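Starting from 1, each residue takes its place in the sequence as its number. Please read all numbers here as calculations on a predicted model, not as lab measurements. Start at 1 and go down the list; that is how both ligands and their atoms are numbered.
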Amino acid sequence: MALLSIILPAYNEEENIANTAGVLSRLLERNEIDYELIFVSDGSRDGTFSEIQRAAGENPRIRGEEFSRNFGKEAAIFAGLEMSLGSAVIVMDCDLQHPPDVIPRMWEKWKAGAEVVEGIKLSRGKESLGHRLSAGLFYRIMSRLIRMDMNASSDFKLLDRKVVDVLLTLPERNTFFRALSFWVGFRTDSVSYEVQERQYGESKWSFFSLMKYAVTNATSFSTLPLQLVTVMGLASILFSLILFVQTVVKYLSGTAVEGFTTVILLILIIGGFLMLSLGIIGHYIARIYEEVKGRPKYIVSRRTGEGTVPETKRNPGTISGAGRNTGRGKTEAGLEAEQDTGKAEAGHEAEQDARKANAGLEAEQDGKANTGLETEQTAGSPVHPGQSREEKR
Ligand code: UDP
Ligand code: MG
C-alpha cells in the first residue's frame with residue numbers, strides 16, 4: 001500500500017500538536033490510508049517539540065524535528081519534504097485551518113493520476129481586517145508578478161514523490177512553495193475547501209512579516225521590478241527630451257530666464273527615480289548574495305521518532321540532503337552526501353550503535369554534516385572521517 005506523508009510546519013503550536021496528531025491519525029486510519037505524520041517545529045519557543053516527542057512516543061507513525069531557530073514556514077516545509085518517505089506528500093498547517101477531511105479527496109485524486117493536487121480556498125475564513133487587507137494586497141501583487149492566480153491558492157497541497165524530488169533538487173534558498181508547485185508543472189488537479197477557524201493560539205503573521213514575505217517572494221519569482229527600472233529610465237529620458245526642446249525654444253526666443261522651478265523639479269524627480277532604482281537593484285543584489293553564500297535553508301537541532309517506517313519504504317533519492325543544500329548538481333550532491341556521511345559518522349558511533357537498524361540515520365547525518373554540526377560530535381571517536389559505513393559495521 002502506498003505511503004502518504006503529511007508535513008505539518010509548527011511554530012509555537014504546543015496546544016495544537018496533540019489534537020492535530022489525534023484528528024489526523026484517526027481520520028487516516030478510518031480511511032485505511034498508510035500514513036506518516038511529520039511535524040517540523042520551526043524554532044518554537046514554547047513546548048511544541050516536547051509535544052511532538054510525546055505524540056511520536058504514542059504513535060510510531062509520527063516523526064518530528066526541531067530547528068535551531070525560527071527559519072520560517074518555507075524552510076519548515078522543505079525540511080518536511082526532505083524527511084518524507086511517502087509516495088505522496090501532503091503539506092498542511094498544523095492548526096487544522098486546512099480541514100483534514102479534504103485529505104481523502106486529495107488522496108483519491110492522486111490515485112486517479114494527479115501529480116499535484118492544489119487545495120483551493122473557497123473563502124479566506126475569519127480574519128482580522130488588517131490581515132485581510134494585507135493578504136489581499138499581497139496576493140494581488142503576487143498574482144500580477146508571477147502571472148498565476150494566487151488568490152485562492154494555499155500551502156495546502158498534495159505532491160507526488162516525483163514532484164517532491166524535483167522541488168528538492170532546486171538549488172535556491174529563498175523558496176516560495178506555493179508558487180513553485182505551479183512552476184514545476186506536472187499533472188495538476190485541485191480540491192476546494194473552506195478555511196477553518198484556528199482553535200488554539202493565534203496567527204503567526206503580522207502586517208510587516210506579510211509585507212516582507214510579499215517582497216521576498218515577488219523578487220524570487222519575478223524580475224519585473226528590475227525591468228521597471230528600465231521603464232522609469234525611459235520615461236525620464238522622454239520627459240527630459242520634451243524639456244530639452246522647450247528650453248532650447250525658450251532660449252532661442254530670448255525668454256530663458258525663469259527655469260528655476262523646472263531645474264528643482266527635474267533634480268527631485270530624477271534623484272527619486274535613481275534612488276528607487278538603486279533600491280530595487282540593491283534588493284536583487286542582496287538576494288544574489290544570499291544565494292551565493294550557500295547557507296543551508298535551515299539547521300536541525302533535534303529529531304524524534306525516527307526509524308519507525310520500514311526501510312523498504314525509504315526512497316534513497318530523498319534521503320541525502322547535503323548536496324541539495326549546497327546547491328550543486330545531483331551527481332555531485334550524491335557523492336558529497338556519501339563523504340559527509342562518513343565524516344559525521346566519525347564522532348557518532350556510540351549513538352549509531354544504539355540505533356543501527358535505523359534507516360533514517362543517514363538523513364540525519366547528512367543534515368548534521370551539512371550544517372557543520374559534526375564538530376560537536378567528535379568526542380571519543382576512534383573512527384576517522386571519511387571511513388566508510390561498511391568498514392565500521
Ligand atoms: N509557521 C511556521 N513558521 C513560522 C510561521 C508559521 O512553521 O515562522 C506555521 C504555523 O505553525 C502554522 C502554519 O505555518 O502551522 C500557518 O501559520 P499561521 O496559522 O500562523 O498562518 P495563517 O493561517 O494565519 O495564515
Ligand atoms: Mg493558520
A.B. asks: Do any N/O/S atoms of Asp95 come under 2.8 Å of the Mg ion (ligand 2)?
C.D. replies: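 For Asp95, the answer is yes, given that an N, O or S atom comes within less than 2.8 Å of the Mg ion (ligand 2).
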A.B. asks: Is the side chain of Arg161 donor-acceptor paired with the backbone N or O of Gly86 at a distance under 3.5 Å, no angle test?
C.D. replies: yes
A.B. asks: With heavy atoms under 4.0 Å as the rule, classify the contact between Asn70 and ligand 1 as side chain, backbone, both or neither.
C.D. replies: side chain
A.B. asks: Should you measure from each heavy atom of Asp42, which atoms of ligand 1 turn up under 4.0 Å away?
C.D. replies: 2 (C), 3 (N), 4 (C), 7 (O), 8 (O)
A.B. asks: Which of the numbered atoms in ligand 1 are under 4.0 angstrom from any heavy atom belonging to Gln97?
C.D. replies: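 Near Gln97, the atoms of ligand 1 are 19 (O), 22 (P), 23 (O).
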A.B. asks: Between the side chains of Ser41 and Glu66, does any donor sit under 3.5 Å from an acceptor?
C.D. replies: yes
A.B. asks: Of the listed options (Tyr11, Phe156, Phe39, Phe71), which comes nearest to atom 1 (N) of ligand 1 when hydrogens are ignored and any heavy atom counts?
C.D. replies: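 It is Tyr11 whose heavy atom sits nearest to atom 1 (N) of ligand 1.
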A.B. asks: Using a strict cut-off of 4.0 Å, indicate which atoms of ligand 1 neighbour a heavy atom of Asp93.
C.D. replies: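 Here the atoms of ligand 1 in question are 13 (C), 15 (O), 16 (C), 23 (O).
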A.B. asks: Would you find a donor on one side and an acceptor on the other, under 3.5 Å apart, between the side chain of Thr188 and the backbone of Val116?
C.D. replies: no
A.B. asks: Check ligand 1 against Glu13 and write out every atom of the ligand that is under 4.0 Å from a heavy-atom position of the residue.
C.D. replies: 10 (C), 11 (O), 12 (C), 15 (O)
A.B. asks: Hey, does the side chain of Ser154 reach the backbone of Gly119 with a donor-acceptor pair shorter than 3.5 angstrom?
C.D. replies: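 Flag set: sc Ser154 to bb Gly119 pair under 3.5 Å.
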A.B. asks: Geometry only, no angles: is Pro9 polar-contacting ligand 1 at N/O separations under 3.5 Å?
C.D. replies: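 Yes; the residue has a nitrogen or oxygen that sits under 3.5 Å from a nitrogen or oxygen of the ligand.
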A.B. asks: Using the six-membered ring wherever Trp is involved, compare the ring planes of Phe177 and Phe78 and label them parallel, tilted or perpendicular (cut-offs 30° and 60°).
C.D. replies: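 The rings of Phe177 and Phe78 stand perpendicular, inter-plane angle above 60°.
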A.B. asks: Considering the heavy atoms of Cys94, write down every atom of ligand 1 situated less than 4.0 Å from one of them.
C.D. replies: 15 (O)
A.B. asks: Over 60° means perpendicular and under 30° means parallel, so tell me whether Tyr298 and Phe67 are parallel, tilted or perpendicular.
C.D. replies: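 If you compare the ring of Tyr298 with that of Phe67, the planes turn out parallel.
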A.B. asks: Relative to the heavy atoms of Asp95, which atoms of ligand 1 are at a distance of less than 4.0 Å?
C.D. replies: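 That gives atoms 19 (O), 23 (O) of ligand 1.
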A.B. asks: For Arg105, is the CZ atom crowded, meaning more than 12 foreign heavy atoms sit under 6.0 Å from it?
C.D. replies: yes
